[in-house]
Amino acid sequence: MPELPEVETIIRGLRRRVLNRRIANVEFLLPKLVVGNVDQTAARLRGQRIVGIRRHGKYIVFELERGRKRSCLVVHLRMTGNFIVDGDAGPHTRAIVALQGGPTLLYHDMRKFGRWQWSERLPERLRELGPEPLEITLEDFAKRIRSRHAMVKAVLLDQEFLRGLGNIYADEALFRARLHPKANTAKIGAKRAGRLHAAIRDVLTEAIAQGGSTIINYVDSEGAQGYFQLQTYVYGKTGEPCKVCRGKIRRTLVASRSTHYCSKCQRR
DNA sequence: CGAGTCCTGTGT
DNA sequence: ACACAGGACTCG
């Protein structure tokens, strides 16, 4: 269930372990993992050197090179995807990547929602996504948010608005900004936009820092245990007292996603 | 917009 | 038995 900070932590681990390695062989244990033809994808990947590993929102982009030819492998972990270096294959192992002279990279995915796509250039779908939440300027953010007419929580989850925010960090950012999740984005002025922009940056930065310092290393065998999670103020705290005002944390639905907020701190 | 879909596991 | 899960796509 990785969002931006978890994916960032994963790619940093992958860089340490598999960057500059050559793919000796790829075995797909779940054909539907692959977008497009499985055998062709496996053939395309064979012999590629991994020359870069980047994050694009919640997507992992492996930059590949074989001879002069560049291409990429785009992986989305969705809910339960995970990489494990030198771990043991199990019932949830969906792909096995053998690296020349290096470790074996396993891909686990209990719910089978993850997707792998090989292509020569960055897929169109990825280029349609919004800016990185940690790169967007306040000015641009304020302008973009006011151009939308929807509940702010729904907008934060929209990857074409910003790429990488998910349900947890959207809720946590709104809490920190003291914005009600159902507030209308069209009515968000400079002051509230400033608070939200800062809150998003802060919560993601803290989570990435925590991911980097956490004992769990996703990319090693213990990674299968699960993802780290930043200490939350509202997410999953339904019925508990708010840590700031002691008010009750409520749960509601926005865009058919479970949404948590403090009714006292977060005014409409 | 919302609802349904893809999947399996966990918690009540 | 049933609701719910941190994601995203498709359809009406």
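As the structure is a computational prediction, the values presented were derived from the model and not from experiment.
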Please confirm whether the shortest side-chain N or O distance from [X] to OP1 or OP2 of [N] is below 4.0 Å.
X	N	result
A:Ser258	C:dA5	yes
A:Tyr235	C:dG6	yes
A:Gln159	C:dG7	no
A:Lys58	C:dA8	yes
A:Arg257	C:dG6	yes
A:Lys112	B:dC6	no
A:His76	C:dC9	no

Side chain of [X] only, please: which of [options] is the nearest?
X	options	answer
A:Arg251	C:dG6, B:dC7, C:dA5	C:dA5
A:Met110	C:dA5, C:dG7, B:dT8	B:dT8
A:Ala150	B:dC1, B:dT8, C:dC9	B:dC1
A:Phe113	C:dG7, C:dG6, C:dA8	C:dG7
A:Lys32	C:dG7, C:dA5, B:dC6	B:dC6
A:Met79	B:dG9, C:dG7, C:dA8	C:dG7

*Testing A:Glu160, A:Arg148, A:His149 for side-chain contact (heavy atoms from CB on, under 4.5 Å) with A:Val155, which one passes?*
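The side-chain contact (heavy atoms from CB on, under 4.5 Å) with A:Val155 is passed solely by A:Arg148 among A:Glu160, A:Arg148, A:His149.
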_For A:His260 and A:Arg125, find the nucleotide of DNA chain C closest to each by heavy atoms; which residue's nucleotide sits nearer the 5' end?_
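The 5'-side residue here is A:His260.
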Could you check how far [atom1] of [X] sits from [atom2] of [N], rounded to whole Å?
X	N	atom1	atom2	result
A:Arg94	B:dC6	CZ	C1'	13 Å
A:Leu77	C:dG7	CG	P	11 Å
A:Leu157	C:dG6	CG	P	10 Å
A:Leu126	C:dC9	CG	P	10 Å
A:Leu4	C:dA8	CG	P	11 Å
A:Gln117	C:dG7	CD	C1'	16 Å
A:His92	C:dA5	NE2	P	20 Å
A:Asp109	C:dG6	CG	P	15 Å

In whole Å, what separates the [atom1] atom of [N] from that of [M]?
N	M	atom1	result
C:dA3	B:dA3	P	15 Å
B:dG4	C:dC4	C1'	16 Å
C:dA8	B:dT10	P	23 Å
C:dC9	B:dG9	P	25 Å

*Any salt bridge between A:Lys248 and A:Glu240, counting N to O under 4.0 Å?*
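Here A:Lys248 does not pair with A:Glu240 in a salt bridge, since their nearest N and O are not under 4.0 Å apart.
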*Are A:Lys58 and A:Glu3 close enough for a salt bridge, meaning some N to O gap below 4.0 Å?*
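No salt bridge links A:Lys58 with A:Glu3.
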*Is the OH atom of A:Tyr233 crowded by more than 12 outside heavy atoms at less than 6.0 Å?*
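Atom OH in A:Tyr233 is not crowded, with 12 or fewer foreign heavy atoms closer than 6.0 Å.
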*Drop me the distance from A:His180's NE2 to A:Cys265's SG, to the nearest 0.5 angstrom.*
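Here the interatomic distance stands at 12.0 Å.
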*Among A:His260, A:Glu172, A:Lys153, which one satisfies side chain to side chain donor-acceptor pair (under 3.5 Å) with A:Asn167?*
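Checked A:His260, A:Glu172, A:Lys153 against A:Asn167; only one passes side chain to side chain donor-acceptor pair (under 3.5 Å): A:Lys153.
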*For the pair A:Arg49 (side chain) and A:Gly47 (backbone), establish whether a donor and an acceptor sit closer than 3.5 Å, ignoring hydrogens and angles.*
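Side chain of A:Arg49 to backbone of A:Gly47, a donor-acceptor pair under 3.5 Å: no, none is there.
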*Could you tell me whether the side chains of A:Ser258 and A:Arg251 share a donor-acceptor contact shorter than 3.5 Å?*
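On atom types as modelled, these side chains qualify, holding a pair under 3.5 Å.
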*Kindly give the heavy-atom pair with the smallest separation between A:Gly114 and A:Leu33, and that separation in Å.*
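The pair with the smallest heavy-atom distance is O-CD1, 3.5 Å.
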*Ignoring hydrogens and angles, are the base of C:dA5 and the side chain of A:Arg111 linked by a donor-acceptor pair under 3.5 Å?*
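Indeed, a donor on one side and an acceptor on the other fall under 3.5 Å apart.
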*Return one dot-bracket line describing DNA chain C 5' to 3' (Watson-Crick or G-U wobble pairs, both distances under 3.5 Å; ( ) same strand, [ ] crossing, | another strand, . none).*
|||||.||||||
